[in-house]
Amino acid sequence: MKSRTKAVVIGGGIAGCSTLYHLTQEGWTDVVLVERDELTSGTTWHSAAQVTNFGMNQTMVGLKTHSINLYKELADDPDYPINYHHADGGIRLANTPAQMDGYRHFASMARGMDVHFEVLDADECARRHPLISTDNLIGGLWDPLDGDIDPAQLCQALARRARKAGAEVYRNTPVTGLKQHSDDTWTVETTKGNIDCDVVINACGYRVNEVGAMMGVHHPVMSMEHQYMLTDTIPAIEEAGHRMPLLRCPISDYYCRQEKNGLLVGFYEQDCRTWGMDGIDPNFVNALCPDDLDRVIDVLEGAFARMPALEDVGIHTIVNGPITYTIDGAPLVGPIPGKRNAFCIIGLRAGLGEGGGHGWLLAQQIVHGEACYDTWVLDPRRFTGHGNTELCALKAIEDYQNEFRFHFPNEHRPAGRYAKTTPLTPVLEAEGAEFTVVNGWERAEYFKPAPDFHVTHGFKFDEAHDIVGAEVAAIQSAVGLTEVNGFNRMEISGTDAHRFLDRMSCSKIKSAPGKISLAYLLNHHGMVKSEVTVANLPDGRIWVGSAAAAEWHDRDWLNLHIGADEDVQVKTLTDDHTILLLAGPKSRDVLSAVSRGDWSASAFPWLSVREAFIGIAPAVVMSVSFSGELAYEIHIPNAHLYAAYRAIRGAGGAHGLRLFGARAVESMRLEKGYLHWKSDLLTEFDPFETGLDRFVDMSKPAFVGKEALQARVEAGPQRKLVSLHLDADHAAAHGGASVMVADTVVGTVTSGDWGYRTKMNLAYAFIEPDLAAEGTRLAIDVLGQMVQAHVIKPGPYDPGYTLVRP
Ligand SMILES: Cc1cc2nc3c(=O)[nH]c(=O)nc-3n(C[C@H](O)[C@H](O)[C@H](O)COP(=O)(O)OP(=O)(O)OC[C@H]3O[C@@H](n4cnc5c(N)ncnc54)[C@H](O)[C@@H]3O)c2cc1C
């Protein structure tokens, strides 16, 4: 066994084998995999191993395409062929119009990745799958490349190729400890000796937290018991003359694929069970949980009704094994929060289908610092302090119970709610707030007109559309108030703080006390990494603020770059303070009524910051605006939040103050031309492609990503972010929708919403640069309908910025 290597992958299931193989493909050949037992002896060996191309965003679709191409290549390798039923085809069923809209949107999104799903009606579903009835069926989504693979053969094939490239695999070698040294390298302790390495990768499946504990980390990953059954031969399958397509059913919560001449049917029962919450037997190896078909009777009945042939066939095997879930159902693939040179590929609930792609994207991140796609949807830093065992268990159960029922836009499910709140949460709830969840925080989405008001979730504009419009109108004509909790806020201190921030950002950052700058951070490839507000408080403190979800991402990125000779400290204040956002032409009047001092435009112009009292509450007030109206962000310590709120509410009455929520903010920022981190600000594009030219100062002597950006400028843009005005009023263009010229995809929407003040249906999209000129006419595939659109100047609302500077 080697005593020194570049990277140690811990775990020899599909996650570990794929990572090992892809590390060698990215150029790291001095790498090893250590496995406590035999390869695939965790979950992988008994997987149903379906391999679909379906995903709900382009990153997932792209990585699954990689899996499919790789598996096909492995299956066709004459030296070591493996069993892969490639392209049997598969159908996701639907019995509601809203589900069908979702499928139309996913088909539009996938088209941008050169993946061609088809939306079928019920009869066509039955024609392609001769065993199904069309009762209670509207239609489905056809994935032509759906199939299944032999999981053990797949892992052996990947390990074999990795070994050929120079990697080593140590079986029966449990990892027993992990130590990190002051130079950020690691020692991996095993029962057979120690291995020193630069990078460790946790790929331990359901034992993820045993290995996590060795580095002092708890990962928000939970295991659920999951069962499938295998039937005897079904004569209709024998007679069909072709393989049955796969089925996934959100109506009765099962999946089904052909196995020999019978079926394999897997269940997502409502009466489901977590597994291993109180520890896992060390001898649970190549093992299964006791089967229990009684608890899946509800699902079985649905499957029998859809496929009557199941009623007459014997069941010869039942498999029940642990399958891992995370808080939002997507895996954790990327850097481990708060650690250096440590990565994970965990929480895979569809690891056979996705594993090829996840290992590919992870290896790119390890070797090159970033992957070819923006991987935020997989990033382990997307859950922060709320990612504990109990919350994860509740979300895992909820997700399992809804396995094939995708989330609709603005849908936030009830399990594990109120994970992060402020003293205002119950107050706003009493005012009628409907909450959305942002990084675990309950944030007001809009205010309901009646306690029993609720919306029907779907992809079209819903019943809250006009309510949000009324909130926007109140802001535009008078003043509105909302709470922005969980806003990421870091205090940067030390004598080198400004120099450090200047080096981290491609933008000019003001250092004068009382001034605020909006700045962009790039990665080493010159691509957009983060968007931050840098506020120089009058007393010399520097606050760096960014999106709530960016809390751990931005903290780790900044910490990683503090030089050994730099005096810089980063302290997180996110949980201590909350923003009260006051917006509208009367916001200055309200502020002046609750706070001493001169708040006039000359004394406190746009992009200023000062400390003040709001009534009796201490506050940091910033004159910044995401809405395009005169606005103030009032940052209050949580202990004083209610006092500040009462003062503002009290004074606001005389000025027509109305509460508003996050949906109004989303609409207004699109009208104003502001971008949203990880919707429009992505690591796949540089700041010039993203239209941030005015924030890039190439005359600065150095900043992270400058050289790479220079090279990109010389090569010319691949894409350009544009603003689009759609000729439609039934639905927004959701992120992922394809932008078309005739039958050709020329771009992808990143976000879209109705602009109430401009009365425009607006969207941002990255499109081919030669189509980016204002006035260019395009079409957008919105829920299967080609909607006409044209390119407009970004920020159609108050283009002269007269309203924010009165
Ligand atoms: C019944 C069932 C059906 C499924 N069907 C499908 C499907 O149709 N399609 C699909 O894509 N997915 C399916 N899945 C999910 C899929 O099987 C998993 O996502 C995948 O196998 C997880 O692989 P993994 O490598 O993350 O974990 P594992 O396969 O569990 O591998 C982890 C490895 O880490 C090793 N390890 C743990 N601790 C240590 C240590 N201390 N030192 C060294 N090694 C260690 C373990 O021994 C194990 O080999 C199914 C799962 C179940 C349970």
Side-chain angles (χ1 to χ4, degrees), residues 8-20 32-52 54 64 67 71 90 146-149 151-152 154-155 158 169-178 188-192 200-214 221 223-230 246 248 255-257 259 264-268 275-276 280 282 284-289 291 317-326 331-333 344-359 400 403:
V8 174
V9 181
I10 309 169
I14 178 61
C17 293
S18 172
T19 305
L20 186 77
V32 308
L33 183 151
V34 283
E35 162 55 50
R36 79 197 283 275
D37 302 295
E38 293 292 341
L39 294 185
T40 76
S41 57
T43 289
T44 297
W45 70 275
H46 58 73
S47 178
Q50 299 154 100
V51 180
T52 166
F54 177 80
K64 291 180 187 197
S67 287
Y71 298 174
D146 223 336
D148 71 271
I149 196 158
L154 169 62
C155 290
L158 290 167
V169 175
Y170 307 130
R171 294 172 297 129
N172 301 305
T173 310
V175 170
T176 52
L178 292 167
V188 178
E189 298 168 353
T190 80
T191 51
K192 295 190 178 162
V200 290
I201 298 124
N202 183 343
C204 287
Y206 52 75
R207 294 191 188 276
V208 47
N209 278 315
E210 294 175 7
V211 173
M214 295 175 198
V221 174
S223 298
M224 302 291 298
E225 288 187 23
H226 174 49
Q227 303 184 75
Y228 64 74
M229 67 177 196
L230 294 162
L246 292 84
R248 293 181 186 79
Y255 57 80
C256 176
R257 69 163 173 82
E259 175 68 21
L264 178 158
V265 187
F267 312 102
Y268 292 98
W275 182 85
I280 300 168
F284 191 90
V285 177
N286 262 319
L288 292 174
C289 313
D291 58 66
T317 305
I318 300 165
V319 168
N320 184 11
I323 184 167
T324 52
Y325 278 72
T326 64
L332 302 173
V333 181
C344 58
I345 172 164
I346 53 178
L348 273 62
R349 75 175 192 206
L352 265 299
E354 299 171 9
H358 287 311
Y400 185 95
E403 179 71 23

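The first residue in the sequence is number 1, and the count goes up from there. Each ligand, and each atom within it, is numbered from 1 in the order the structure gives.
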Revision key, fill the gap. A student checking ligand 1 against Pro174 at a 4.0 Å heavy-atom cut-off should list atoms 42 (N)

Check your understanding: Hey, what's the ring geometry for Trp275 with Phe284, parallel, tilted or perpendicular (30° and 60° as the breaks)?
Key -> tilted

Review point. So which of Arg349, His358, Glu354, His46 gets nearest to atom 15 (C) of ligand 1, if we judge by its closest heavy atom?
Key: Arg349

Check your understanding: At the 4.0 Å heavy-atom cut-off, does Glu210 count as touching ligand 1?
Key -> no

**Study point:** atom 42 (N) of ligand 1 [closest protein heavy-atom partner, distance rounded to 0.1 Å]
**Key:** Val175 N, 3.0 Å

Revision key, fill the gap. Value for CG (Leu264) from CG (Leu230), rounded to nearest 0.5 Å, stands at 4.5 Å

Revision key, fill the gap. With heavy atoms and a 4.0 Å threshold, my read on which part of Pro151 contacts ligand 1 is neither

Review point. N/O to N/O below 3.5 Å, does that happen between Val319 and ligand 1?
Key: no

Point to revise | Sub-3.5 Å N/O-N/O distance, Thr43 and ligand 1 | key: yes

**Study point:** Numbering as shown, the atoms of ligand 1 that approach Gln50 to under 4.0 Å (heavy-atom distance)
**Key:** 7 (C), 8 (O), 9 (N), 10 (C), 11 (O)

**Study point:** Atoms of ligand 1 close to Val211 [distance to a heavy atom under 4.0 angstrom, numbered from 1]
**Key:** 41 (N)

Check your understanding: Should you measure from each heavy atom of Leu348, which atoms of ligand 1 turn up under 4.0 Å away?
Key -> 18 (C), 19 (O)

Point to revise | atom 44 (N) of ligand 1: the protein heavy-atom neighbour that sits closest, reported with distance to 0.1 Å | key: Arg36 N, 3.0 Å

Exercise for review: Answer yes or no: does an N/O atom from Leu352 fall short of 3.5 Å to an N/O atom of ligand 1?
Suggested key: yes

Review point. Does an N or O from Met214, backbone or side chain, lie closer than 3.5 Å to an N or O of ligand 1?
Key: no

**Study point:** Cys155 SG to Glu38 CD distance, which is reported to the nearest 0.5 Å
**Key:** 12.5 Å

Study note, to complete from the structure: For Arg207, the atoms of ligand 1 under 4.0 Å from one of its heavy atoms are 37 (C), 38 (N)

Check your understanding: Under 4.0 Å from any heavy atom of Gly353, which atoms of ligand 1 are there?
Key -> 10 (C), 11 (O)

Review point. Quick one: does Gly266 get a heavy atom under 4.0 Å from ligand 1?
Key: no

Practice item. Please work out whether any backbone atom (N, CA, C, O) or any side-chain heavy atom from C-beta onward of Val34 is under 4.0 Å from ligand 1, and answer side chain, backbone, both or neither. Key: backbone

Practice item. Return the residue, atom name and 0.1 Å-rounded distance of the protein heavy atom closest to atom 5 (N) of ligand 1. Key: Ala48 N, 3.1 Å

**Study point:** Side chain to side chain, Leu158 and Ile14, heavy atoms closer than 4.5 Å
**Key:** yes

Exercise for review: Verify side chain to side chain contact (heavy atoms under 4.5 Å, CB included) between Leu246 and Arg248, making sure each step is shown before the conclusion.
Suggested key: CA-CA 7 Å; Leu246 292 84; Arg248 293 181 186 79; 3.7 Å; yes

Point to revise | Heavy-atom check, side chain of Val34 versus side chain of Ile10, under 4.5 Å | key: yes

**Study point:** Closest approach of any protein heavy atom to atom 26 (O) of ligand 1, naming residue and atom
**Key:** Ala15 CB, 3.6 Å

Exercise for review: Measure the acute angle between the ring planes of Tyr255 and His226, then classify it against the limits of 30° and 60° as parallel, tilted or perpendicular.
Suggested key: tilted

Review point. If we only count N/O pairs under 3.5 Å, is His226 in contact with ligand 1?
Key: no

Review point. Who's the nearest protein heavy-atom neighbour of atom 34 (O) of ligand 1, and how far?
Key: Gly11 CA, 3.2 Å

Review point. Does ligand 1 have an atom that lies less than 4.0 angstrom from a heavy atom of Trp45?
Key: no

Point to revise | Under 4.0 Å to a heavy atom of Ala203 - the qualifying atoms of ligand 1, by number | key: 32 (C), 33 (C), 34 (O)

**Study point:** Contact summary for Ser223 and Thr324, nearest pair of heavy atoms
**Key:** OG-CG2, 3.6 Å

Review point. Does an N or O from Ile10, backbone or side chain, lie closer than 3.5 Å to an N or O of ligand 1?
Key: no

Exercise for review: Could you tell me whether the side chain of Arg36 and the main chain of Pro282 form a donor-acceptor pair under 3.5 Å?
Suggested key: yes

Exercise for review: Distance to 0.1 Å, residue and atom name: give those for the protein heavy atom nearest to atom 21 (O) of ligand 1.
Suggested key: Thr44 OG1, 2.9 Å

Revision key, fill the gap. Among non-hydrogen protein atoms, atom 48 (C) of ligand 1 lies closest to Glu35 OE1, 3.4 Å

Check your understanding: Which of the numbered atoms in ligand 1 are below 4.0 angstrom from a heavy atom of Ile323?
Key -> 14 (N), 15 (C), 50 (C), 51 (C), 53 (C)

Check your understanding: Looking at atom 14 (N) of ligand 1, what's its closest protein heavy atom, distance included?
Key -> Ser47 OG, 3.4 Å

